[in-house]
Participant: 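Mind looking over this structure? Questions follow.
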Amino acid sequence: RPERTKPTYFVRDQRFKLYGDGRFYDVPSDVLERTPIEPSASKEAAAAHAKLSAALKTMPSKGQMLLKFAK
């Protein structure tokens with residue numbers, strides 16, 4: 001139930017996933033996302049982290065209202 005959980009936002013590419021709180025995963029190597037990696041783990045990870053960070057910055061800071069209720 002979405003109204004009972006804290007909203008989570010993330011961006012990902014085919015390999016890496018970056019959450020808004022900074023957690024960064026190599027998804028094929030950690031499908032259950034149990035161990036975040038450091039962006040400095042490899043050159044590929046660093047490049048992906050930079051790209052995904054830029055994408056996160058373009059997202060709105062608060063969710064947009066999907067439904068508008070009439071009074």
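We count residues from 1, following the sequence as given. As the structure is a prediction and not an experimental result, all values here were calculated from the model.
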Participant: Salt bridge (charged side-chain N to carboxylate O under 4.0 Å, His left out): which pairs involve residues 44-53, sequence neighbours left out?
Facilitator: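 Listed by first then second residue: D13-K51, R15-E44.
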Participant: Can you tell me which residue pairs pass the salt bridge (charged side-chain N to carboxylate O under 4.0 Å, His left out) test with a partner in residues 28-39, sequence neighbours excluded?
Facilitator: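 The answer is K17-E33.
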Participant: Can you list the residues that meet the side-chain hydrogen bond (donor to acceptor under 3.5 Å, both in side chains) rule with S29, with sequence neighbours excluded?
Facilitator: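 With sequence neighbours excluded, S29 shows a side-chain hydrogen bond (donor to acceptor under 3.5 Å, both in side chains) to D26, given in chain and number order.
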Participant: What's the shortest heavy-atom distance between I37 and A45, and which atoms?
Facilitator: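 Smallest interatomic distance, heavy atoms only, reads CD1-CB, 4.4 Å.
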Participant: Between Y19 and M59, is there shared hydrophobic-cluster membership here, with clusters defined by ILVMFWY side-chain heavy atoms closer than 4.5 Å?
Facilitator: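 No, separate clusters.
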Participant: If the condition is side-chain hydrogen bond (donor to acceptor under 3.5 Å, both in side chains), which residues does Y25 pass it with, not counting sequence neighbours?
Facilitator: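 Partners of Y25 by the side-chain hydrogen bond (donor to acceptor under 3.5 Å, both in side chains) criterion come out as none, since no residue qualifies.
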Participant: Can you find a heavy atom in the side chain of L52 that is under 4.5 Å from one in the side chain of F10?
Facilitator: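 No; the side chains remain at least 4.5 Å from each other.
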Participant: Which heavy atom in A55 sits nearest to a heavy atom in V11, and how many Å separate them?
Facilitator: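 Heavy atoms of A55 and V11 come nearest at CB-CG1, 4.1 Å.
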Participant: Test of understanding: with ring pair (Phe, Tyr, Trp, His ring centres under 6.0 Å), list the residues that count as partners of F16, not counting sequence neighbours.
Facilitator: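 Expected list: F24.
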